Peer 1: 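This is the structure I want to talk about, given as structure tokens.
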Amino acid sequence: LRRQLTAEIAEQFRVFKSTGLPLDHVNGHLHLHLHPVVFSILMEHAKEWGVTHLRWTRDRFWLNARLASGHWFYRFIHAVTYQILSALSLSQFEKRAIKHTKVVFGLLQNERVDEEYLLKLLPRLGPGESEVYSHPSLDQYKNEFEALISPRVLSMIKHLGISLIRYRDL
């Protein structure tokens with residue numbers, strides 16, 4: 001089904017391009033973009049489709065474990081999966097000069113990137129670019145939306161001198 005999958009991905013890029021919006025970065029639902037088959041298709045067509053920035057799906061398990069409790073099985077299984085997929089993809093990122101953050105925080109939170117989590121995380125980010133992954137919305141994941149606009153979180157970002165950027169700023 002590789003040919004059909006390639007055609008579907010190409011069509012998604014075509015439809016997005018027709019919007020006229022700039023492509024900031026590529027990622028897939030449930031991080032499917034790092035599945036070996038999908039990833040190989042993306043790399044094969046990266047130049048053609050304008051893929052210059054891509055989410056490198058890697059969260060720091062032990063730091064996450066210190067920041068938030070519970071859901072250990074979910075976190076462990078996902079951390080192992082992300083670690084393997086990110087390790088397999090890194091050489092292709094480097095070969096094609098595809099930009100990415102070094103780490104993504106929140107992947108292991110499963111829709112629990114709330115204010116408390118961010119207030120614990122921000123002082124521990126360390127130097128370099130990182131991504132905070134969340135699902136902000138005004139209905140199903142309102143807690144994540146509220147965390148991202150929280151005055152306490154915004155104050156801490158300012159206090160720590162953290163610069164907020166987009167992928168295209170990497």
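None of the values given here were measured: they were computed from a predicted structure.
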Peer 1: Give a yes or no answer on whether the side chain of Ser40 reaches the backbone of Pro36 with a donor-acceptor pair at less than 3.5 Å.
Peer 2: yes
Peer 1: Please list, chain by chain and in numerical order, all residues satisfying ring pair (Phe, Tyr, Trp, His ring centres under 6.0 Å) with Tyr141, sequence neighbours excluded.
Peer 2: His135
Peer 1: Describe, in one word, how the ring planes of His45 and Trp49 are oriented to each other, choosing from parallel (under 30°), tilted (30 to 60°) and perpendicular (over 60°).
Peer 2: parallel
Peer 1: Gln12 and Glu8: side-chain donor and acceptor closer than 3.5 Å?
Peer 2: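 A pair is found: one side chain offers a donor N or O, the other an acceptor, under 3.5 Å apart.
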Peer 1: What about Leu23 and Tyr167, same hydrophobic cluster or not, with Ile/Leu/Val/Met/Phe/Trp/Tyr joined at side-chain heavy-atom distances under 4.5 Å?
Peer 2: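 The answer is no; the residues belong to distinct hydrophobic clusters.
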Peer 1: Indicate the atoms forming the closest heavy-atom contact of Gly28 with His33, along with that distance.
Peer 2: N-ND1, 2.8 Å
Peer 1: Would you indicate whether Phe13, at its atom CZ, is surrounded by more than 12 heavy atoms from other residues, nucleotides or ligands within a distance under 6.0 Å?
Peer 2: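 Correct, the count exceeds 12.
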Peer 1: Which atoms form the tightest heavy-atom contact between Leu170 and Ile165, and what is the distance?
Peer 2: CD2-CD1, 3.7 Å
Peer 1: How far apart are the C-alpha atoms of Tyr133 and Val113, what are their side-chain angles, what is the distance that settles it, and do they pass the side chain to side chain contact (heavy atoms under 4.5 Å, CB included) test?
Peer 2: CA-CA 8 Å; Tyr133 173 85; Val113 176; 5.9 Å; no
Peer 1: Who pairs with Arg14 by side-chain hydrogen bond (donor to acceptor under 3.5 Å, both in side chains), at least two apart in sequence or on another chain?
Peer 2: Glu11
Peer 1: Just how far is it from atom NE2 of His53 to atom CZ of Arg168, taken to the nearest 0.5 Å?
Peer 2: 9.5 Å
Peer 1: Testing the basics here: between Leu108 and Asp59, what is the closest heavy-atom pair and its distance to 0.1 Å?
Peer 2: N-OD2, 3.3 Å
Peer 1: Check the hydrophobic clustering (I, L, V, M, F, W, Y; side-chain heavy atoms under 4.5 Å; chains of links allowed) and say if Tyr117 and Phe145 are grouped together.
Peer 2: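 Different clusters: Tyr117 never reaches Phe145 through Ile, Leu, Val, Met, Phe, Trp or Tyr contacts under 4.5 Å.
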Peer 1: Do any side-chain atoms of residues 77-87 form donor-acceptor pairs under 3.5 angstrom with protein atoms, and if so which ones, sequence neighbours left out?
Peer 2:
{"residue": "His78", "atom": "ND1", "partner": "Tyr74", "partner atom": "O", "Å": "2.9"}
{"residue": "Thr81", "atom": "OG1", "partner": "Ile77", "partner atom": "O", "Å": "2.9"}
{"residue": "Gln83", "atom": "OE1", "partner": "Arg58", "partner atom": "NE", "Å": "3.2"}
{"residue": "Ser86", "atom": "OG", "partner": "Tyr82", "partner atom": "O", "Å": "2.9"}
{"residue": "Ser86", "atom": "OG", "partner": "Gln83", "partner atom": "O", "Å": "3.1"}

Peer 1: Please check if atom CZ in Arg3 has more than 12 non-hydrogen atoms from other residues, nucleotides or ligands closer than 6.0 Å.
Peer 2: no
Peer 1: Roughly how far, to the nearest 0.5 Å, is the CG atom of Asp24 from the CZ atom of Arg55?
Peer 2: 10.0 Å
Peer 1: Where do Phe105 and Arg60 come nearest, in terms of heavy atoms and distance?
Peer 2: CZ-NH1, 4.1 Å
Peer 1: Can you give me the closest heavy-atom contact between Gly70 and Arg75, atom names plus distance?
Peer 2: O-NH1, 3.0 Å
Peer 1: Is it the case that one hydrophobic cluster holds both Trp56 and Leu121, taking links as side-chain heavy atoms less than 4.5 Å apart, direct or via other members?
Peer 2: no
Peer 1: Taking CG in Leu21 as the centre, count heavy atoms belonging to other residues, nucleotides or ligands within less than 6.0 Å. Is the count above 12?
Peer 2: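 Atom CG in Leu21 is crowded, with more than 12 foreign heavy atoms closer than 6.0 Å.
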Peer 1: So if you build clusters from Ile, Leu, Val, Met, Phe, Trp, Tyr with side-chain heavy-atom gaps below 4.5 Å, do Leu88 and Val26 land together?
Peer 2: no
Peer 1: Between Ala147 and Glu115, what is the shortest heavy-atom contact and its length?
Peer 2: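 For Ala147 versus Glu115, the nearest heavy atoms are CB-N, 3.3 Å.
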Peer 1: Say you draw a straight line from CG of Leu34 to CD of Gln92; how long is it, rounded to the nearest 0.5 Å?
Peer 2: 12.0 Å
Peer 1: Heavy-atom count around Lys142 NZ within 6.0 Å, excluding the residue itself: above 12?
Peer 2: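 No, the 6.0 Å shell around NZ holds no more than 12 heavy atoms from other groups.
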Peer 1: Near Trp62 CH2, under 6.0 Å, is it more than 12 heavy atoms from other residues, nucleotides or ligands?
Peer 2: no
